[in-house]
Asks: 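The following block contains the structure, expressed as structure tokens.
Note that ligands are numbered from 1 as they come in the structure, with each ligand's atoms numbered from 1 the same way. Because the structure is predicted, anything quoted here is derived from the model rather than measured.
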Amino acid sequence: MIFFLPILACLLSLATALTQHVHDASFIPDAVLHVTAKNVSAGGVYRLTTLVNGTSPGPTLHLPENKVIWIRVYNDMPDKNTTMHWHGLSQAAYPFSDGTPLASQWPIPPLHFFDYELQLEKGSAGTYFYHSHVGFQASSATGALIVKDSGKLPYQYHGERIVHITELWNQSDSIIERGLTNTTFKWSGESLAFMVNGNGISNYSVADPSTASVDVIDVKPSRSYRFRFIGGTALSLVAMAFENHTNLEVIEADGSYTKPTPTEFLQIGNGQRYSVLFKTKSCKELKTLGKTDFYFQIETRERPAMNRDYAILRYSTDGCSIKPSSALPTNAYPKKAPLTLPPTVNGFLDYKLKPLKDNNFPTCKEVTRRVTINMQQVLDGYILWQDNNVSWVQDSFDTLPHLTTPRKPYLVSLYENETAYLPSYTAAVKNAGVDPETQTFPAKIGEVVEIILQNYGARAIDNETAGGLDAHPWHAHGKHFYDLGAGPGKWSADVMEQQLHGTTPVLRDTTMVYRYNATTQPNQASGWRAWRLRIEEPGVWMIHCHTLQHMIMGMQTVWVMGDAKDILTVPKLEVEGFLTYGGNVYGNATHHPTRIHFSELGL
Ligand SMILES: *[C@@H]1O[C@H](CO)[C@@H](O)[C@H](O)[C@H]1NC(C)=O
Ligand SMILES: *[C@@H]1O[C@H](CO)[C@@H](O)[C@H](O)[C@H]1NC(C)=O
Ligand SMILES: *[C@@H]1O[C@H](CO)[C@@H](O)[C@H](O)[C@H]1NC(C)=O
Ligand SMILES: *[C@@H]1O[C@H](CO)[C@@H](O)[C@H](O)[C@H]1NC(C)=O
Ligand SMILES: *[C@@H]1O[C@H](CO)[C@@H](O)[C@H](O)[C@H]1NC(C)=O
Ligand SMILES: *[C@@H]1O[C@H](CO)[C@@H](O)[C@H](O)[C@H]1NC(C)=O
Ligand SMILES: *[C@@H]1O[C@H](CO)[C@@H](O)[C@H](O)[C@H]1NC(C)=O
Ligand SMILES: *[C@@H]1O[C@H](CO)[C@@H](O)[C@H](O)[C@H]1NC(C)=O
Ligand SMILES: *[C@@H]1O[C@H](CO)[C@@H](O)[C@H](O)[C@H]1NC(C)=O
Ligand SMILES: *[C@@H]1O[C@H](CO)[C@@H](O)[C@H](O)[C@H]1NC(C)=O
Ligand SMILES: *[C@@H]1O[C@H](CO)[C@@H](O)[C@H](O)[C@H]1NC(C)=O
Ligand SMILES: *[C@@H]1O[C@H](CO)[C@@H](O)[C@H](O)[C@H]1NC(C)=O
Ligand SMILES: [Cu+2]
């Protein structure tokens, strides 16, 4: 780090020269997204839904690496805040761009817009998605984000298909959020259906048959495709497979290429992505099978209720001398499930995935500090989730008045130099990694931190929830972590090292903490996962469970990586417009936003 010091000093002096740009009509963003809330029908069910450009999922973004990108996000809702998070992409050079309210930015107020300045790191080509980070909005306000390969592709294929999986709910985001944070707790219920690219059929009464139809994925015979799976579910872990197509090969996980890893099915947690090489049948094989339509079956795992949903893989038979078989219906499910999917695999693809290229995995000796995050459901008037005894939420302060989460984004507080919000590294180290004052996890640039995510049986006072366990998909913002794998019971260094032996951990941004059993004793350790992080990118980064219900109920941590001089790359005067809710970096119908371009720092 010492090498950077003279450069930083030079940048700071340069910084004062940054221009304030008015983003008037002459400013053309690379992409524009409009967030609205409308009563629309999907899967046959009407619901007040948060949409992007009028649909869920919203439009797919195809973005280049290593180039500055501006995305303008309009909050067209008259009564709701929103933000946009670029899931899996690190925006270290653009500190206000991560889309996390109360962490890295104020939310975009109703009827305002915000220009996100992004740069996608060289080597980040892969599969991502964007989603709102406010309340339950991400359940539908989301879309695929593909970072295009710049050089030669490591794998060859004829075409690509996106399989973006979300869930359907029958109540609005606000009602679900209100129920979860009320003293009179009201569970959201389980989802009504899985949606593939926005299409599916509700498992509850269909009010609008015109939208109750499954997704059709069109392919041609004798081709290879890259299927990009996006786990955009709010709540459920999902298992899925194709009928008669079991020769899948995973080639990418969370934006990093892997060596080809064969699998017959996929199990995807909320926030995870996989690319899979998929070889289609030849005309001859289709003839033998006697069909050209195949079911793609998808099922809930680790939840009390089971949804079983479908899409259809449909072959075009142009150029094949076969008659197309009678097509499968798109408006009804098969009477009997065509596939028997395996039960939960605790450790799906763990230790199997290998990075395509050396990824600078830090050895055990390089680890400078270990932080254990103990996660647990608690009942203290409210039903909440705690990480090391902290429940951290982004809103609902009127219904959760006793929570002491700061009400101002940490990045703003850091710029304002309010001591009450500056995390104390020393205090945190003495308190399981979390600074009691700010409720953040501080880390120093240059550290190699091992994070142990430890699942615990619920500490609850009623008999029904005591000892309860859930599976949790944990997601890290910022730089990706090296995934060290997982196991049952309580973490132990010996067991972990033994399991790691001879394997080559991959970089991920979301991996599963499994539960191994639905219940255990209260305060009983039941399941762990471990990560290693090279702390190299300064910023305010969230690390949280990606189950939206759990996030709303407090299952989130905020990390402050680097100290003030690492994080505050420009003088306060230049970011004044970011420091107040609705400040002048947020545009509206009558005001063009004014702001500096962090890219002019040349970081
Ligand atoms: C979203 O909608 C706006 C307005 O209709 C349009 O200008 C923009 O191109 C759309 N965005 C994408 C990514 O398609
Ligand atoms: C949404 O619209 C449908 C059809 O017009 C209507 O039946 C339903 O009550 C509306 N739902 C809400 C939540 O407004
Ligand atoms: C929007 O966010 C601001 C700042 O956090 C907050 O004061 C306000 O209550 C929020 N508004 C809504 C409608 O949630
Ligand atoms: C949502 O679905 C559940 C289960 O069928 C039902 O009890 C509830 O009334 C539905 N809520 C709304 C708002 O439709
Ligand atoms: C909390 O729940 C109670 C009972 O269901 C309800 O009357 C109240 O309106 C809810 N509060 C909020 C803020 O939603
Ligand atoms: C629909 O939901 C019910 C109740 O959870 C469940 O028993 C049934 O299997 C579901 N059906 C499908 C097709 O998912
Ligand atoms: C195709 O899949 C069905 C299950 O959907 C199975 O019954 C059948 O045996 C499979 N055919 C072949 C040739 O594998
Ligand atoms: C959490 O609180 C319990 C008591 O309620 C205490 O025993 C435990 O040490 C605390 N854990 C952490 C990590 O602060
Ligand atoms: C923050 O305030 C302290 C005094 O309270 C001062 O010593 C320090 O230089 C300030 N830091 C910045 C980045 O302004
Ligand atoms: C829990 O169960 C025990 C015995 O099964 C019973 O005595 C106790 O009253 C129950 N407590 C609650 C809060 O329901
Ligand atoms: C798993 O849960 C069942 C009840 O759901 C219980 O009987 C059993 O003891 C549990 N096993 C462990 C290892 O906790
Ligand atoms: C539009 O933005 C300007 C500048 O931030 C602000 O003064 C004005 O109140 C805003 N208008 C509305 C309707 O929010
Ligand atoms: Cu969770």
Asks: Return the closest protein heavy atom for atom 11 (N) of ligand 5 as residue, atom name and distance.
Replies: Asn182 ND2, 2.9 Å

Asks: Please list, in number order, the atoms of ligand 3 under 4.0 Å from a heavy atom of Pro107.
Replies: 2 (O)

Asks: Answer yes or no for atom 5 (O) of ligand 3: protein heavy atom present at a distance under 4.0 Å?
Replies: yes

Asks: Taking Asp483 first and then Arg532, would you say they form a salt bridge - that is, a charged N and a carboxylate O separated by under 4.0 Å?
Replies: no

Asks: Please verify the inter-ring angle class for Phe348 with Tyr274; under 30° counts as parallel, over 60° as perpendicular, anything in between as tilted.
Replies: perpendicular

Asks: Give the name of the N/O/S atom in His472 that lies closest to the Cu ion (ligand 13).
Replies: ND1

Asks: At a 4.0 Å threshold, what atoms of ligand 3 neighbour a non-hydrogen atom of Trp106?
Replies: 4 (C), 5 (O)

Asks: Looking at atom 14 (O) of ligand 5, would you say a protein heavy atom lies below 4.0 Å from it?
Replies: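 Looking at atom 14 (O) of ligand 5, one finds that a protein heavy atom does lie closer than 4.0 Å.
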
Asks: Determine the interplanar angle of the Phe129 and His131 rings, folded into 0 to 90°, and report it as parallel if under 30°, tilted if 30 to 60°, perpendicular if over 60°.
Replies: tilted

Asks: Within the 4.5 Å heavy-atom criterion, are Met77 and Thr82 side-chain neighbours or not?
Replies: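 With C-beta onward as the side chain, the pair touches.
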
Asks: In terms of atom number and element, which parts of ligand 5 are under 4.0 angstrom from non-hydrogen atoms of Thr399?
Replies: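 Every atom of ligand 5 under 4.0 Å from some heavy atom of Thr399: 13 (C).
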
Asks: Indicate yes or no: does Arg273 engage Glu252 in a salt bridge with an N to O separation below 4.0 Å.
Replies: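 Looking at Glu252 together with Arg273, the answer is no, because their closest N to O distance does not fall below 4.0 Å.
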
Asks: Contact between ligand 3 and Asp395 is defined here as a heavy atom of the residue under 4.0 Å from a ligand atom; is it met?
Replies: no

Asks: Can you sort out which atoms of ligand 3 are near Asp79, meaning under 4.0 Å from one of its heavy atoms?
Replies: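 Selected atoms, number and element: 13 (C).
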
Asks: With the Cu ion (ligand 13) as the reference point, give the N/O/S atom of His550 that is nearest.
Replies: ND1

Asks: Show the numbers, then the answer: is there a ring-ring contact (aromatic ring centres under 6.0 Å, His included) between Trp70 and His23?
Replies: CA-CA 11 Å; Trp70 287 90; His23 287 189; 5.1 Å; yes

Asks: Does a side-chain heavy-atom distance below 4.5 Å link Ser132 with Thr50?
Replies: no

Asks: Give me the ring orientation class for Phe114 and Tyr116: parallel if the planes are under 30° apart, tilted from 30 to 60°, perpendicular past 60°.
Replies: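 Because their plane-to-plane angle is over 60°, the rings of Phe114 and Tyr116 count as perpendicular.
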
Asks: Tell me: protein heavy atom nearest atom 8 (C) of ligand 3, and distance?
Replies: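 The protein heavy atom lying closest is Asn81 ND2, 3.8 Å.
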
